Structures are given as structure tokens and as C-alpha cells.
Amino acid sequence: MQRGVFGGSFDPVHVGHLTVARAAAADLALDLVHLVPASDQPFKSGFHEATPEQRMAMLRLAVIGDALLVPDDREIRRGGVSYTVDTLRELKREYPTDSLCLLVGADAAADLPTWCEADALRRLARIVVLTRPDVALPDHRPVDRTLVVPAVDVSATEIRERIRRGDSIEGLVPTDVAAYIASHGLYRARD
């Protein structure tokens, strides 16, 4: 089985995340894509607005009925700072005969050489960088391939800002995710 691994803050998960994950799966012939929200990202430590549990709940809502995209809570269960190398090692232990493909957005890929045990990443998984509008593609050793994915002009930062301003987020996040955000009062203006 070919498994993709796509991690991030997912604060909140949005249509861009889902679109590029599906496009990568189709292009790379992946059977499943694990969507792995970080408990606490090393490069964004302390910057998450929703709790890890809320981000996981939104991710589960976003992929209901989608057999391709699998919400994976291993980093949240592990707690603390999330390192991709630990996640890949866990997946290799659980699925020793499966191939892993680490999907990394172009913005995050710029920092790949500084990731924890960066050299081990390539031994554990094929590393594929996903294009992102207006973000330069990295040109360094750990990258196995660059994949052009649909350009979806949306970001979690923009969504959080729209909510703070009271603007609509319709079409930017799945309907169930928008309802969850509203019912839990997430990302509203701070007093």
C-alpha cells in the first residue's frame, strides 16, 4: 500500500489542504493520505489558536465519508512538540510493508534541512514538495520530487482573520467545519 503523510497545524483545516492532498494522492497513486495535525509544531510553537483536540475534531468533520483522507491523531496523542521523523517511524512500525510518501508544502519545505533528524526523513519516506502560489520551491537534498498541485488561494491565517472581522468563510472550509468554528466561538476577535 502507498501511504501519504500530510502534516500541519490545520488551524483550521480548509479546502486548500483537502484539494492538494487529493491531487497529490491522484498524481502519486497513493492509496491513503494520513492528515496529521501537530500537537505543537517546532517552527510555530505556541501559535495555534484552537486546541489540538479542536483541530482534530475539525479535521474529522472535514473528511467524513472520504475513504482516501484519513485523520490521524498520533501527534496529538503523543503530545508535546511534534517531529515528523517520529511520526514516520511510528507509521513504518505499524505498516512495515507499506511505502510512505511525505507531502510537504513549499513554504514548510524551505526549512526541511533544519527539521529534527532531517537525514532520517528520506530513509523513511519519499519526500514530495507541493507547490504553493507565490512560494519559491526549495532546491535542497532531501526533496525527491516537486509536484504541481492546484493553486487554491486560501490560508488558515486568512480564514482566522476573516472570522475576526466578521466576514464569511463560506467556501473556504467545509460546511461542517464552519459550523464547528461558529458553535465553539473559535478565532473570534480577542477582547
Side-chain angles (χ1 to χ4, degrees), residues 1-11 13-44 52-53 55-132 137-150 152 174 177:
M1 181 173 280
Q2 303 287 322
R3 293 178 183 270
V5 181
F6 187 34
S9 296
F10 300 110
D11 194 18
V13 61
H14 55 69
V15 295
H17 295 127
L18 305 175
T19 300
V20 300
R22 288 181 185 116
D27 198 290
L28 299 168
L30 301 175
D31 299 298
L32 293 172
V33 177
H34 292 254
L35 300 175
V36 188
S39 178
D40 190 17
Q41 286 182 290
F43 296 104
K44 294 183 180 179
E53 294 76 18
R55 292 183 287 116
M56 191 67 215
M58 288 186 280
L59 191 55
R60 285 187 176 112
L61 289 169
V63 300
I64 286 174
D66 189 329
L68 177 65
L69 304 180
V70 179
D72 188 325
D73 68 351
R74 72 185 62 242
E75 291 185 4
I76 290 171
R77 283 185 284 113
R78 197 165 53 230
V81 176
S82 298
Y83 294 108
T84 301
V85 68
D86 295 332
T87 297
L88 294 177
R89 283 185 177 127
E90 280 183 23
L91 285 164
K92 270 296 193 197
R93 279 193 300 273
E94 289 174 34
Y95 309 104
T97 61
D98 292 358
S99 296
L100 300 179
C101 180
L102 178 61
L103 306 173
V104 182
D107 50 346
D111 295 323
L112 263 174
T114 65
W115 287 20
C116 181
E117 297 186 57
D119 291 340
L121 296 174
R122 194 160 185 208
R123 290 190 301 273
L124 294 164
R126 186 170 42 138
I127 300 174
V128 177
V129 174
L130 309 175
T131 58
R132 187 157 179 177
L137 292 172
D139 186 24
H140 41 69
R141 196 180 125 254
V143 175
D144 292 301
R145 180 172 173 193
T146 299
L147 181 62
V148 176
V149 292
V152 182
V177 172

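The structure displayed is predicted, hence computed values, not measured ones.
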| remark: d(Leu32 CG, Met1 CE) to nearest 0.5 Å is 5.0 Å
| Checking side-chain contact (heavy atoms from CB on, under 4.5 Å) for the pair Val13/Leu18: CA distance, chi angles, key distance, verdict? | CA-CA 8 Å; Val13 61; Leu18 305 175; 4.1 Å; yes
| query | Taking side chain as C-beta onward, heavy atoms only, is Thr19 less than 4.5 Å from Val149? | reply | no
| query | Going from OG on Ser99 to CG on Asp31, what distance comes out if it is rounded to the nearest 0.5 angstrom? | reply | 9.5 Å
| remark: Looking only at heavy atoms, the pair that brings Gly105 and Val129 closest together is C-CG1, 4.4 Å
| request: Measure from the side-chain N and O atoms of Ser39 to the backbone N and O of Ser82, and report whether any donor-acceptor pair falls under 3.5 Å. | output: no
| field | Beyond-backbone contact of Val104 with Thr84, side-chain heavy atoms, under 4.5 angstrom | value | no
| message | For the NE2 atom of His34 and the CZ atom of Arg3, what is their distance to the nearest 0.5 Å? | response | 4.0 Å
| said: For Arg74, is there an ion pair with Asp86 - N to carboxylate O distance below 4.0 angstrom? | reply: no
| query | Run the side-chain contact (heavy atoms from CB on, under 4.5 Å) check on Asp27 and Arg145 step by step: do they pass? | reply | CA-CA 12 Å; Asp27 198 290; Arg145 180 172 173 193; 2.9 Å; yes
| note | Shortest non-hydrogen pair, Leu147 vs Ala24, comes out as CD2-CA, 3.6 Å
| field | Heavy-atom closest pair, residues Ala25 and Val33 | value | CB-CG2, 3.8 Å
| query | Sub-3.5 Å donor-acceptor pair from the side chain of Arg55 to the main-chain atoms of Ala38, do we have one? | reply | yes
| remark: To the nearest 0.5 Å, atom CH2 of Trp115 lies from atom CG of Leu102 at 5.5 Å
| Separation between CG of Asp72 and CE of Met56, rounded to the nearest 0.5 Å | 7.0 Å
| Under 3.5 Å, is there a donor-acceptor pair between the side chain of Lys92 and the main chain of Thr87? | no
| said: Using the rule given for salt bridge (charged side-chain N to carboxylate O under 4.0 Å, His left out), can you reason through Arg77 versus Glu90, listing the C-alpha separation, both sets of side-chain angles and the distance that settles it, and then say yes or no? | reply: CA-CA 13 Å; Arg77 283 185 284 113; Glu90 280 183 23; 5.5 Å; no
| field | Nearest non-hydrogen partners of Pro150 and Ala23, listed with the distance | value | CD-CB, 3.4 Å
| message | Run the side-chain contact (heavy atoms from CB on, under 4.5 Å) test on Phe10 and His17 for me, step by step, so that the C-alpha distance in whole Å, both residues' side-chain angles and the decisive distance to 0.1 Å come before the verdict. | response | CA-CA 8 Å; Phe10 300 110; His17 295 127; 3.7 Å; yes
| said: Could you go through His14 and Val152, starting from their C-alpha distance and side-chain angles, then the distance that decides it, and tell me whether this counts as side-chain contact (heavy atoms from CB on, under 4.5 Å)? | reply: CA-CA 10 Å; His14 55 69; Val152 182; 5.8 Å; no
| field | Taking every non-hydrogen atom, the tightest pair across Leu130 and Leu103 | value | CD1-CB, 4.0 Å
| task | Check Thr131 against Val148 and note the closest heavy-atom contact, atom names and distance. | result | OG1-CA, 3.5 Å
| field | Gap between atom CG of Asp73 and atom CZ of Arg78 - 0.5 Å precision | value | 10.5 Å
